[in-house]
Amino acid sequence: MSQYLQGLNESQLKAVLHKDGPIMIIAGAGSGKTKVLTTRIIHLMAAHDVDAFNILALTFTNKAAAEMKERVAHILGNNARNLYIGTFHSVFARVLRAEAPKLGYPSDFTIYDADDTKSVIKTVLKELNLDDKVYKPNTVYKRISDAKNSLVGPAEYAMDKFLVQEDARANRPAMAEIYDAYTRRCFKNGAMDFDDLLFKMYILLTNFPESLSKYQQKFRYILIDEYQDTNPAQYEVIKLLGAMHENVCVVGDDAQSIYSFRGATIQNILQFQKDYDDVEVVKLEQNYRSTKTILSVANEVIANNRDQIPKTLFTDNTQGEKIRLIRTMTDNDEGRIVADTIQEFRLREHFQNGDFAILYRTNAQSRSFEEALRRMGIPYRIYGGLSFYQRKEVKDFLAYLRITVNPRDEEALKRIVNYPVRGIGKTTQDKAVLLANENNISLWEVLTRAAQFGFRAGTLEAIEGFVNSVKMYQSELSKKNAFDLAMIIGKSSGVVKELFNDKSAEGLARYENVQELLNSIKEFIETPDNLESGEVGDKSLGAYLQQIALLTDADDSKEEENVVRLMTIHAAKGLEFPVVFVGGLEENLFPNAMSINSREELEEERRLFYVAVTRAKHKLILTYANTRYRFGQLQQNDPSRFVDEMPQEHIDRSYAGNSARQPSSSGGWSSGSAFERMQRGFASAPTPPKQSYSVAPARPALKEHVPSENFVASDLRDLQAGQRVEHQKFGFGKIARLEGASHNPIATIDFDQNGQKKIMLNYARLRIVD
DNA sequence: TCATAGCTACTTTTT
DNA sequence: GTAGCTATGA
């Protein structure tokens with residue numbers, strides 16, 4: 001038996017050795033999924049002489065792709081180079097780059113990220129004279145994105161009775177029109193958004209049979225990671241590509257499907273067996289990652305879900321210790337106790353910083369952990385949030401590069417036409433945009449022909465100066481590599497100088513970020529071959545821009561850093577850590593308040609919890625806070641229902657007070673482990689009482705109110721103006737009026753002691769007095 | 001035309 | 001608590 005096959009268990013081996021025909025691998029958490037995928041690729045090449053050029057492996061994250069590639073390269077060396085391994089988005093972008101003219105796009109089409117997309121939506125809304133309070137860019141984006149991910153174009157959308165009716169009911173009848181205008185605008189700009197990369201790939205394959213057959217022949221063996229997270233667009237493309245050889249291998253775990261909000265449908269994996277005849281199904285049920293305790297907690301919680309493929313995960317690992325459940329008074333205490341526990345484990349059990357991960361439901365939760373770690377001098381790194389490439393200064397600089405490569409890119413143009421300030425202000429810009437629309441030409445063309453359009457002499461001079469310098473950059477495009485050209489642009493545009501002259505701390509950071517960006521371009525041109533595709537050497541600026549558009553900050557991997565990692569649970573999928581903290585286990589936060597209205601949504605939250613738990617190898621610590629600041633307001637939450645769903649014999653509650661649920665206002669704090677005393681110390685530390693309203697100097701100080709003995713939050717659905725209520729902090733008051741959307745009602749309350757305040761009823765806890 | 005202060009809406013998750 | 005937008009004055 002070949003060496004690379006050794007150490008595989010029976011099912012793993014079965015999955016690897018299966019050569020032709022469709023196969024579905026149901027891979028439980030920690031069951032060696034990546035190992036199976038990579039070994040399968042190695043086996044295809046080593047034992048069956050399959051050409052690397054004929055293998056396509058698709059993942060959801062760059063990180064997963066890089067890991068796979070690396071593992072294959074480890075065994076096969078240079079042969080691995082020609083494999084097509086990448087994310088759906090990056091592989092499709094590469095294909096589309098080659099085929100763009102067929103679809104009427106320039107090869108150097110721009111890829112719009114979420115910010116660009118929203119910005120285009122705002123532009124379109126303005127031009128259609130629509131109120132962006134009714135048509136919130138986020139809502140519109142979601143709607144369009146959902147449509148594209150279901151392969152519904154603007155024309156189909158407008159004719160889809162159900163969709164149109166939905167929009168009408170939501171009081172957004174112009175949605176179809178917006179979608180159409182948005183699509184046209186992107187096309188005019190020579191740009192595709194994230195969803196287009198999937199949608200246009202589908203269009204390419206369906207409208208151009210010769211392209212379909214070309215890629216069908218090329219990709220004889222197809223492997224899909226995380227199949228449970230595919231959306232209909234991805235599903236259809238895979239089906240098309242695999243139709244000729246039917247060598248489609250999908251790997252997934254229905255229990256880890258956590259992206260339905262992005263259009264993923266669990267049906268794809270549940271139905272796979274119906275898509276092809278003779279599907280081989282292999283289940284990987286042995287977990288190599290976690291202790292018996294952790295695994296049984298995960299199993300027991302997920303058993304509450306109705307929709308799932310039956311399977312039994314087991315492990316030969318040790319029993320391990322109980323799961324620690326920690327309750328704290330506030331979110332800040334939660335941060336401190338986690339930091340403290342990390343310290344404890346480091347000292348007593350010799351863990352390193354890099355062994356710890358802190359996971360949470362929402363990005364906003366990172367703050368308290370971050371502060372606590374910083375205070376204790378524990379090095380950490382936050383993943384997610386604003387990625388490097390989304391920072392303003394980086395985007396500004398990139399906009400120069402983008403406009404050089406694709407002058408039709410209006411979003412980029414608007415960013416930099418007056419940055420650094422050169423006397424082309426808002427009035428001029430508005431006029432130019434108007435001219436572009438009236439004459440049906442691009443904004444760039446208006447600027448290049450500015451003399452014809454009667455701008456003021458000074459303004460005209462400014463425009464011409466700008467146009468000439470961009471034209472100069474463009475003329476260098478074919479002569480210079482990405483880095484040299486970027487350097488020229490940085491110097492000549494004045495961007496670098498502008499940042500250099502800003503000596504404030506933020507200015508310094510911005511300057512460094514742009515330098516960092518230049519470094520990354522240098523790195524790009526110096527990398528010997530393009531790891532993404534295996535195709536050698538497109539070092540142009542256009543290639544660089546398309547690559548980074550799909551990068552997130554989780555991808556710039558300084559993996560070896562020995563630091564504590566903070567990230568959302570979504571971002572942690574596919575990763576494992578010796579010690580895992582999961583924070584904010586509270587109702588309304590996790591499960592999130594947005595997701596408790598239907599069984600499907602709640603089950604997805606539960607799967608998310610399952611993902612969180614199964615990241616841990618040795619130790620798992622769950623925390624929740626009695627009160628936490630959210631949205632400026634102090635909120636009280638009950639412990640998460642998931643806490644109750646865990647097998648209690650595996651839980652160490654000695655850090656959680658005595659009562660499981662509904663901690664009463666006085667009870668639960670009197671017993672005393674050393675740790676608990678310490679915790680109480682934190683809770684009652686002499687920090688000044690927090691203000692739950694903004695601290696405007698003119699406003700009178702809050703007259704603190706002591707809640708009544710019998711304070712119980714009332715059901716506020718039938719709240720009426722004129723009723724008297726009690727608020728825990730602001731005291732007694734009278735409802736002056738009710739306003740806001742029905743799903744987010746806002747009450748204006750005249751408080752006896754604290755004046756008038758606006759309170760969001762979704763969050764507030766009010767007792768109706770009479 | 002530009003800088004700034006103040007107001008508002010937002011927080012679910014992301015390629 | 002903050003980013004992004006608007007109104008205001010220089």
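Residue numbers start from 1 in every chain, and the chains themselves are labelled A, B, ... in the order their sequence lines are given, proteins ahead of strands. In this text the structure is predicted, and so the values were computed from the model without any measurement.
Partners of A:Y179 according to the ring pair (Phe, Tyr, Trp, His ring centres under 6.0 Å) rule, which considers only residues two or more places apart in sequence or in another chain, are A:Y157.
The closest side-chain donor-acceptor pair between A:S493 and A:Y419, if any, does not fall under 3.5 angstrom.
Note on ring orientation: taking the six-membered ring where Trp is involved, the planes of A:F609 and A:F642 are parallel (angle under 30°, cut-offs 30° and 60°).
Using a 4.0 Å heavy-atom criterion, one finds that A:F60 contacts the sugar-phosphate atoms exclusively. The residue A:Y259 sits close only to the backbone: its heavy atoms come under 4.0 Å of sugar-phosphate atoms, none of a base.
For A:K136 and B:dC10, the shortest distance from a side-chain N or O to OP1 or OP2 is below 4.0 Å. Phosphate contact (OP1/OP2 of B:dT1, side-chain N/O of A:T428, threshold under 4.0 Å): present. For A:S90 and B:dT15, the shortest distance from a side-chain N or O to OP1 or OP2 is not below 4.0 Å. Close to B:dA9, at under 4.0 Å from its OP1 or OP2, lies no side-chain N or O of A:N138. Contact check, A:N363 against B:dT11: no side-chain N or O comes under 4.0 Å of OP1 or OP2.
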Taking only nitrogen or oxygen atoms into account, show me every contact under 3.5 Å that the protein makes with nucleotides 4-10 of chain C, one pair per line with its distance.
| unit_1 | atom_1 | unit_2 | atom_2 | d |
| --- | --- | --- | --- | --- |
| C:dC5 | OP1 | A:K122 | NZ | 2.6 |

Between the protein and nucleotides 2-8 of chain B, list the N/O to N/O atom pairs that are separated by less than 3.5 angstrom.
| unit_1 | atom_1 | unit_2 | atom_2 | d |
| --- | --- | --- | --- | --- |
| B:dC2 | OP1 | A:N418 | ND2 | 3.3 |
| B:dC2 | OP2 | A:N418 | ND2 | 3.4 |

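The listed nucleotides are B:dT12, B:dT1, B:dT14; the one nearest the side chain of A:T427 is B:dT1.
A:V250 is not listed as a side-chain neighbour of A:I269, based on a closest heavy-atom distance of 4.5 Å or more.
The line from OG of A:S145 to CG of A:N138 is 11.5 Å long, rounded to the nearest 0.5 Å. If you take CE on A:M201 and CG on A:L205, they are separated by 4.5 Å, rounding to the nearest 0.5 Å.
Salt-bridge formation is not detected for the pair A:R262/A:D229: no Lys NZ or Arg NE/NH1/NH2 atom is positioned less than 4.0 Å from an Asp or Glu carboxylate oxygen. Between A:R402 and A:E411 there is no salt bridge, since no side-chain nitrogen of the basic residue lies less than 4.0 Å from a carboxylate oxygen of the acidic one.
Between the P atoms of C:dG4 and B:dT13, the separation comes to 15 Å (whole Å).
With a 6.0 Å cutoff to the six-membered ring centre and a 45° limit on the axis angle, A:R606 does not count as a cation-pi contact of A:Y610.
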